[in-house]
Structures are given as C-alpha cells and as structure tokens.
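First the structure, in the form of structure tokens, and then the observations on it.
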Number of protein chains: 2
Amino acid sequence: MRPTEGRPDRPKRRGAGWPQPLSEVDEEEVLRRIFPNLRTGPSVLIGPGDDAAVVIQPSGSVVATTDTMVRGQDWHDEWSDAHDVGSKLVTQNLADIAAMGAVATGLLVTLAADPQLPLGWAVDFADGVADTAAWDGVPVVGGDLSSAGAGTVMVSITALGDLQGRRPVLRSGARVGDVVAVHGSLGESGGGLELYLAGERPTRWASVHEALAAAEVDRARDHLMWVHRTPTCSVSSGPLAADRGATAMIDLSDGLARDAARIGRASGVCLQLSRSRLVADFVEDTPLEMALGAQRALHHVLTGGEEHSLLATFPADCPLITQQTDPDVHWWVIGEVVAATPDGAHVTLDGEPVSGGWDHFSG
Amino acid sequence: MRPTEGRPDRPKRRGAGWPQPLSEVDEEEVLRRIFPNLRTGPSVLIGPGDDAAVVIQPSGSVVATTDTMVRGQDWHDEWSDAHDVGSKLVTQNLADIAAMGAVATGLLVTLAADPQLPLGWAVDFADGVADTAAWDGVPVVGGDLSSAGAGTVMVSITALGDLQGRRPVLRSGARVGDVVAVHGSLGESGGGLELYLAGERPTRWASVHEALAAAEVDRARDHLMWVHRTPTCSVSSGPLAADRGATAMIDLSDGLARDAARIGRASGVCLQLSRSRLVADFVEDTPLEMALGAQRALHHVLTGGEEHSLLATFPADCPLITQQTDPDVHWWVIGEVVAATPDGAHVTLDGEPVSGGWDHFSG
C-alpha cells in the first residue's frame, strides 16, 4: 500500500461572519476582503489591482493552462464547501503545470456568481485558493469577478508556470520500451464520488482520539470522500520527473484509461498496463478496497477521474524508476510502452483494450 | 469629430450547419471543429492539445489578465450572436494587455455551457475569438470546455502579453501637471446599450448602396449598437504610448469617471476633466449626439462602460501629445492632473466631483 501523503491541517473558515449577498457589497469591498489573504512573492512584479499582472518568467517562456468548475456540475454544495472548491480548483491547475515539467509562477482566479451568493462563500473560496496555492508557494496575481444568473456559481483558474530551462514534457514523447509509471494515488477520488452518490457522508469525529479509534473501514471511506473533495498533487514531482528523463507525462484528470490513451495516441504507441501491478499497488489493502471491495476498486483505478496524480513514461533504465530511494517521489511502475496494435488500441490491460472515463458534455 | 476606425468585413458564420447540442458530440470532436480556425504562430512552442501551452516571452516576464462574460448578464442572445460575443471578449482582454504597454502573446479560451447549447454556437464563438485575435496577430494557445446548468453559457479568456523590454505602465504613475488623454471613442458602447434597452434594433440594409443612402441618424444609431456588440481597441496604441512616455494608463471598461478615478486614487492625484474638451471631441457632431442628443451623449461619455479605449496621462510636453501628426494614434487631451482635493475626489469635471459607472454585482 502506498504511503499516505501528509496534508495540512484544515484551516479555519473566515466566511461564516459574512452572510450578506454579494449584491449588497461594493465590488471593491469584495476585493478588499479577499486580497489580504492572497500572498504574493518576489517573482510578482505587478500583482492584483492594475489592468493586468506581471510575473517574472526566468526561462523566457510561460507555461499556461486553465480549468473551470461549475456548481452542480463539478461540485455539490451539500458535499463541498467553498474552501474545498477553491482548493480543488488550484490542484487541478497546478497538476497541469507540473505535468509539463514546469514550476507554477502565478494564478489568475475568476468567480462568476449569482449576486445572491453570500460574501462569506466568496471569502472562503478565496481562502481555499490562497491556502492551497501557498502550500505550493504559488502567488495569486490577478483575477476577475462577474455576476451570473440565479443559482449559478462558476469558478475558473488560469495557472502560469516556468520551465526553469527544461524542455516541456509532452504527451507525445513515449517510446516503445519505456516503462509506464504513476506518482500519487489512483481511483480514490472516483471511489469517494461513488460513496457520495450512494448517499454516504463523512463522519464528524468528536476528537482526533475518536477518529483514530474508529473502524478502519470508516476511516477508509472518509479518506476517499476527502480525496474527492480536495485531491492533492505533489507538484514538485513533475519538474523532478522531467529532470530525470520522463519521456511523456500527463495529469490524471479524466481517469487512467482515458489519459493513458491520450499519451498512447499522441505518441503513436500503446500503453500496456499490468493488472497484477495495479491490483498489488492500488487495490490490495488500500482504502479503496476496504471501502468498496476489490472489483469496484479496480474499476475506479482504471477509470476514476479528478485524481490529479501524474502519469509518465520513462526509459526502462531510468534511475528514478530503478532505484526509487526516496518514498516522497515514488513512481509506481504499472506497465510498459509497446508498439501500437493494428486495431488502434492505445491502452491495454494485460493486452486487452480498455476504455472509459469522463466526457464533460455527455457525462 | 474623431475619424471612424476601419473594421474588417463581417466574416461568414460556420455554425449554422451544426444545430445539434453539444451533448450529442464527443468533446474531442468539438475541439476538432474549433481548433482548425485557431491560428498559431512562431512564438507558440506548444499550442492546444497538451496539459498546458508554452509561449515564448522575450522579456522574461509575462503580463496576464482574465475577463469573463455570462449570457444574460454581459450579453443578450437577441442582440449579440456568438461571433459578436467571441470578438468582444477578445477585445476586453487585449485592451487590458495594451493598457500595461504590452503586446499580447497568446489567449486561453474557456467555454462553460449547458450541454443543450448548439454546437454551431460554440463554433461561431470560437471563430469570433479567432478572427478578432488574428486581426491583432494574437494566437489562441489553449482553453477549457466545461458543462454548466440549464441555460447557462459562460465564456472567459486569459490573455498573456510581453512588455518587449518596456516598464509596465501602471495606474499609479500619474503626476501633477500631466495631461489626461484618451485614445479611441467614448460613450459609444453605452449609447448603443441605451438604444438596445429602448427596444431599437440595427437596420438590416439590403445593400451597401442603401446603407450609404440612409439618413445619418439611422447610421449613427447602427454605429452605436455595433460598437456595443463588438467594441474595438487599437491595441498597438498601448505599447506606443508606453514608448513615448505615458505615466499612467488604463483600459476604459467601466466608464470614464470610474476608470479615471482609479488612476487618480492609485496615483494620489485628481484627474480634472474638461467639459468643453469632452463636448467638442466626443459629443458635438458625433453619432452619440445624433442618435441620443447632447445631454445623453455627455452622460455616456462620462459613465458608459465597455468602450475599451485607452485612458492615459502624459507629461505636458510629450511630443506624442503636442505634435499629434499621425491620425491613427491620435490621443485626445481631455484634462489635466492636479493635486488631490481635500475632500478626496480623484476625478472632477471642471472642478466638480463626478462619479458613476458599472459595478458587477449591484449593477
């Protein structure tokens, strides 16, 4: 079983004291409430408050990605609070920057909301963004506030990054003979979603002592739901993998099968995944298996979205893979790169084509 | 009266042939329909299709801004088609880059929509983005597609820019004794909005001949409604003003009074606007006056939003202002920078405080 990554303590919510709707607060007052918690840094020449931000890009290029979440589509208020949403949105974007082998240099954050949204929600969302960004040392450099129709809340981030002299690691670089490896978890967010959809809710432990004494299966369920609400990405692992020779890399946002196929298709190869390795490393004796059983666990390992772990290919003799001395940067070998098969499958499990994953419009 | 800027011919709409909803089209198929029209350029190392884009930033820094539009809030389908919306969204963002004195290097484009939105709308929106971006030579380098609730359509752009070695022109650099000047129009978008709200609609001319023969007032109304749907920004004027010594600059998105006050507040000064200059250059014998009369015209000149002209301050002896030899880069002097008044007004009209403008949540 993989080592469980440490997480920061859950921060306090500031927003509860501000139930008034955004429409009753001057726009610049909203910004004043939000900005004090948005840290800046020496790389930010011009931060929030002018027409645009200016951020130093030492490499002479900028890596840029954008990702959006919509209430009712990408989160449900009964499951996720505003801080969770801000945190997850940052993770999604930082994972994309890491998957290029880059280090994030700044975030631009957009909130488009029904004017009846409580100010406190906006403040907690901004704090979720700020806390998670600060955890990875990334400044918030700008953003936009817009009004939207009744009930609509839409949040979006653009992340900027710098390659620090590296070549970007693309989806198209996998070569026959490479190994396929994952950094981070698989399927936990999908497992958490299954639990939420089944009506389960996290336990409200009265104390840490009570939580530690709880049945392992209850802690496993809580863990999966936690990962679904606030997945994490070990963002420094992306640039490190790039430095150590990763040939292709992608952020696992739409499920292993779908994202592996993207590398396979872009590289003109097939990623042959090993069922026994996936089961040994991501199913057996994991929270997923404990909470949902081995069969559902493997399903989520293969198709669960929003995990934001990194999937990469490496030369088979790459020391990062063959030596694995540091548990913090462990890459789990889950398969190998083979020639594309005549029937066009770009990802297989023990040689059989697999598919499945998330499509934004057809669901 | 200001010279009317040339506009490109209205491009063809591709979307009419695709009435099917997004939910019936594979997400990657949507992207395939959209991307062929999104041009790239030599500065784009990695364009759309990987985890993130990579864009060359010769100055070693990136200028970044983001702006969002929501259906029903920022446009109405009965007034604006998808191409108009894409075009306006690009202009809003490029104006912010220009107002820093920078040249745009790339755009990231987000569409979050009800899955019932016709594919054709998405294609026409992307074409509106691509056509307007191409007009200014700016590549579209990435973006995001998301589903949203019933009826919701939300579009967002992040624009990236490079200072080409210039210092950014901030809101905070205005000095007592500077002149206040505008490049572009004032109040036309606000005037067009008033006409739309009053139930007016642009004339559908049967031919160019018929349009040229129409009454001047009808052409004036059409012009204002056109500017409201698709404002333009002469983006090269921002970097040029920076090169020639502009001390402060802002994009006029929320109205002259409100945006001038932002420069005044950030600089600790007062921008004293001249009514006679505003009337002579932006009211008398203009489409605004013809369509709405002198009083409403001056109202829109002072408070009309979404114009996306540039407001800047310059040293009084700046040759760009004193010589004005090139009509394409004409800056209209509309006032001067004076010491902030004891009562705290940061913008005055002939010495009297003025206010008004657009707030996103309170309207």
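What's counted below: heavy atoms across the whole structure, side chains too, no hydrogens, waters or symmetry copies. Proteins get letters first, then strands, A, B, ... in listed order; numbering begins at 1 in each. All of these numbers come straight from a predicted model, not from anything done at the bench.
Of the listed residues (B:Gly49, B:Pro58, B:Ser61), the one with the most heavy-atom contacts under 4.5 Å to chain A is B:Ser61. Looking only at heavy-atom pairs under 4.5 Å with chain A, the residue among B:Val62, B:Val55, B:Val63, B:Asp96 that has the most is B:Val62. Of the residues considered (A:Pro21, A:Gly60, A:Gly72), A:Gly60 shows the highest number of contacts with chain B, using heavy-atom pairs under 4.5 Å. Of the listed residues (A:Ser59, A:Ala64, A:Gly142), the greatest number of heavy-atom pairs within a distance under 4.5 Å of chain B belongs to A:Ala64.
In this structure, the portions of B:Thr66 lying under 4.5 Å from any heavy atom of chain A include both its backbone and its side chain. Neither the backbone nor the side chain of B:Met69 comes within less than 4.5 Å of any heavy atom of chain A. For B:Ile56, the parts lying under 4.5 angstrom from a heavy atom of chain A are both the backbone and the side chain. The contact between A:Thr152 and chain B is made entirely by side chain atoms (from C-beta outward), counting heavy-atom distances below 4.5 Å. Heavy atoms of B:Val54 lying under 4.5 Å from chain A belong to its backbone as well as its side chain.
One distance of note links CG of B:Asp51 with CG of A:Leu310; it measures 8.5 Å at 0.5 Å rounding. Expressed to the nearest 0.5 Å, how far CG of B:Asp50 lies from CD1 of A:Ile250 amounts to 7.5 Å. If you take CG on B:Leu145 and CG on A:Asp67, they are separated by 11.0 Å, rounding to the nearest 0.5 Å. With rounding to the nearest 0.5 angstrom, the CG atom of B:Asp144 is 8.5 Å from the CD atom of A:Gln92.
Closest approach of A:Val70 to B:Ala112, counting heavy atoms only: CG2-CB, 4.2 Å. When all heavy atoms of A:Gln73 and B:Ser147 are compared, the closest pair comes out as OE1-OG, 3.2 Å.
When the heavy atoms of residues 159-174 of chain A are compared with those of chain B, the residues falling under 4.5 Å are A:Leu160, A:Leu163, A:Pro168, A:Val169, A:Leu170, A:Arg171, listed by number.
With sequence neighbours excluded, the residues that form a side-chain hydrogen bond (donor to acceptor under 3.5 Å, both in side chains) with B:Gln57 are B:Thr105. Every side-chain hydrogen bond (donor to acceptor under 3.5 Å, both in side chains) that B:Ser156 has, sequence neighbours left out, goes to B:Thr68.
Applying the salt bridge (charged side-chain N to carboxylate O under 4.0 Å, His left out) test to every pair with at least one member in residues 147-160 of chain A, sequence neighbours left out, gives no pairs at all.
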